[in-house]
Amino acid sequence: MSIPVIVDCDPGHDDVFALWFAAGHPSLELIAVTTVGGNVPLAHTSRNARIALTVAGVHDVPVSAGAAGPLSRTLATAEWIHGENGLGGPVLPEPTVPLDPRSATELIADKLRAAAEPVAIIATGPVTNIAVLLRDRPELADRIREIVWMGGSTERGNVTPYAEFNAWVDPEALALVVASGIRFTMVGLNVTHRALVTSAVRARLAAVGNRTARFGDELLEFFCRTNDEVFGMPDGPLHDPVAVAVLADPASVGLVHTRLDVELAGAETAGATSVDLDGMLRREPNAWVATSLDVDGFWAGVEASVARLA
Ligand code: RIB
Ligand code: CA
């Protein structure tokens with residue numbers, strides 16, 4: 001029985017692979033895609049999500065645009081990694097997947113109400129849309145099976161010394177979602193930095209040989225180049241599909257139940273995810289945090305999902 005999932009994302013090269021992983025994996029049923037301002041402004045992230053599904057031949061999944069920016073801060077984007085349009089590298093096709101007229105929260109609410117069972121939400125950007133949904137429609141919380149989020153870190157950040165980008169863009173939204181009591185899993189940089197696009201991984205994915213793989217290889221060419229230029233990481237870490245792996249192949253991602261708090265006020269540390277792995281603060285555990293990855297099993301899952309697409 002496949003798990004119904006909604007992916008809320010800010011495509012972004014790695015978000016595209018998360019969408020493909022979710023759309024192509026037999027254990028998951030992708031029932032909706034929603035977008036948020038993050039890596040690039042909302043107009044681009046929404047168009048890019050439609051392009052990702054168009055390339056993959058996925059035409060039966062609605063795509064809605066959500067929040068253009070954070071709950072209370074000013075949006076800061078990441079063109080230095082993803083390019084001006086958010087999908088630097090390939091010539092982008094015109095998307096044939098339409099933009100659903102509903103807002104992200106309207107689409108999610110409709111899907112939650114209609115689903116035969118609680119729905120998992122996989123978030124691969126700032127969690128502004130999820131926070132707005134839970135703030136404005138708290139009655140729907142019990143229709144959400146769990147939230148799995150790529151973001152945060154148990155170690156250093158990637159946009160400031162202590163904050164990972166998705167957390168840093170909207171830490172208030174993250175704090176609200178973590179406090180909701182819905183099962184929450186954080187898949188941070190401490191694990192996603194193991195999902196490295198090595199030359200062997202690129203060759204493995206390119207060898208799938210379909211349209212999706214060819215487009216994906218052009219994305220990875222650009223993504224690895226910018227990660228090399230910015231972080232000195234020529235094997236770019238493909239962050240977002242690791243969050244999908246938590247549901248698609250639970251055995252491939254090790255989790256611990258621990259305490260997660262979000263820094264909101266720190267002049268230098270805002271957006272930091274404080275993960276009390278040693279229980280030093282003696283606070284109630286409130287999140288599952290990824291601490292390990294079966295790297296080969298992960299790539300095998302991504303490869304198999306891409307192979308099931310156009
Ligand atoms: O820090 C990495 C995260 O920020 C990824 O989700 C990437 O797509 C960007 O959104
Ligand atoms: Ca993302």
Side-chain angles (χ1 to χ4, degrees), residues 6-22 33-42 44-49 51-52 63 65-70 73 75-83 85-89 104 121-130 147-171 173-174 177 185-197 216 219-220 222-224 226-227 230-231 233 235-246 262 270-273 290 293 302:
I6 294 171
V7 174
D8 184 72
C9 54
D10 64 336
H13 294 67
D14 51 334
D15 302 75
V16 167
F17 280 84
L19 287 170
W20 290 347
F21 196 180
V33 174
T34 51
T35 58
V36 64
N39 282 319
V40 285
L42 181 65
H44 280 307
T45 59
S46 303
R47 179 177 169 78
N48 293 342
I51 287 171
V63 178
R73 295 175 188 248
L75 177 66
T77 50
E79 285 86 353
W80 66 84
I81 289 292
H82 298 281
N85 65 11
L87 289 185
I121 296 177
I122 300 172
T124 62
V127 292
T128 313
N129 290 333
I130 317 306
I147 298 165
V148 182
W149 170 63
M150 189 279 137
S153 174
T154 63
E155 297 160 354
R156 304 281 285 176
N158 64 352
V159 66
T160 72
Y162 291 97
E164 176 280 328
F165 179 80
N166 290 339
W168 177 75
V169 168
D170 199 345
L174 178 59
V177 172
T185 300
M186 176 188 118
V187 181
L189 298 176
N190 52 293
V191 166
T192 65
H193 277 178
R194 303 199 54 219
L196 297 175
V197 181
L219 291 177
L220 294 180
F222 183 94
F223 183 73
C224 290
T226 55
N227 270 276
V230 173
F231 297 115
M233 297 178 75
D235 299 342
L238 207 64
H239 308 282
D240 292 335
V242 183
V244 178
V246 170
V262 185
T273 45
L293 180 68
V302 173

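Counting convention: from 1, in listed order, for ligands and their atoms alike. One is the number of the first residue; the rest follow in order along the sequence. Worth knowing before you read on, the calculation uses all heavy atoms, side chains too, and leaves out hydrogens, waters and symmetry mates.
Checking each of Thr45, Asn48, Asn166, Asp15 against Asn39 for a side chain to side chain donor-acceptor pair (under 3.5 Å) leaves exactly one that passes, namely Asp15.
Counted by atom type alone, Thr128 and Asp170 present one or more donor-acceptor pairs between their side chains at under 3.5 Å.
The CG atom of Leu174 lies 9.0 Å from the CD atom of Glu164; values are rounded to the nearest 0.5 Å. Annotation: the span from His82 atom NE2 to Asn227 atom CG amounts to 7.5 Å, rounded to 0.5 Å.
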Can you pull every nitrogen or oxygen pair between ligand 1 and the protein closer than 3.5 angstrom?
unit_1   : atom_1 : unit_2 : atom_2 : d
ligand 1 : 1 (O)  : Asn158 : ND2    : 2.8
ligand 1 : 1 (O)  : Glu164 : OE2    : 2.5
ligand 1 : 4 (O)  : Asn166 : OD1    : 3.2
ligand 1 : 6 (O)  : Thr124 : O      : 2.9
ligand 1 : 6 (O)  : Asn166 : ND2    : 3.0
ligand 1 : 6 (O)  : Asp240 : OD1    : 2.5
ligand 1 : 6 (O)  : Asp240 : OD2    : 3.1
ligand 1 : 8 (O)  : Asp14  : OD1    : 2.7
ligand 1 : 8 (O)  : Asp14  : OD2    : 3.1
ligand 1 : 8 (O)  : Asp15  : OD1    : 3.0
ligand 1 : 8 (O)  : Asn39  : ND2    : 3.0
ligand 1 : 8 (O)  : Asp240 : OD2    : 3.1
ligand 1 : 10 (O) : Asp10  : OD1    : 3.3
ligand 1 : 10 (O) : Asp10  : OD2    : 3.0
ligand 1 : 10 (O) : Asn39  : OD1    : 3.2
ligand 1 : 10 (O) : Asn39  : ND2    : 3.2
ligand 1 : 10 (O) : Asn166 : OD1    : 2.9

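The main-chain N or O of Phe165 is found under 3.5 Å from a side-chain atom of Asn158 such that the two form a donor-acceptor pair. Judged by distance alone, the side chain of Asn129 and the main-chain N or O of Ala67 form a donor-acceptor pair under 3.5 Å. Put simply, the side chain of Ser153 never gets that close to the backbone of Gly188: no donor and acceptor are under 3.5 Å apart.
The distance cut-off of 3.0 Å around the Ca ion (ligand 2) captures these protein N, O or S atoms, sorted by chain and number: Asp10 OD1, Asp15 OD1, Asp15 OD2, Thr124 O, Asp240 OD2.
Scanning for side chain to side chain contact (heavy atoms under 4.5 Å, CB included) contacts around Asp235 gives Leu196, Thr198, with sequence neighbours left out. In this structure Thr226 satisfies the side chain to side chain contact (heavy atoms under 4.5 Å, CB included) test together with Ile81, Phe222, Glu229, sequence neighbours excluded.
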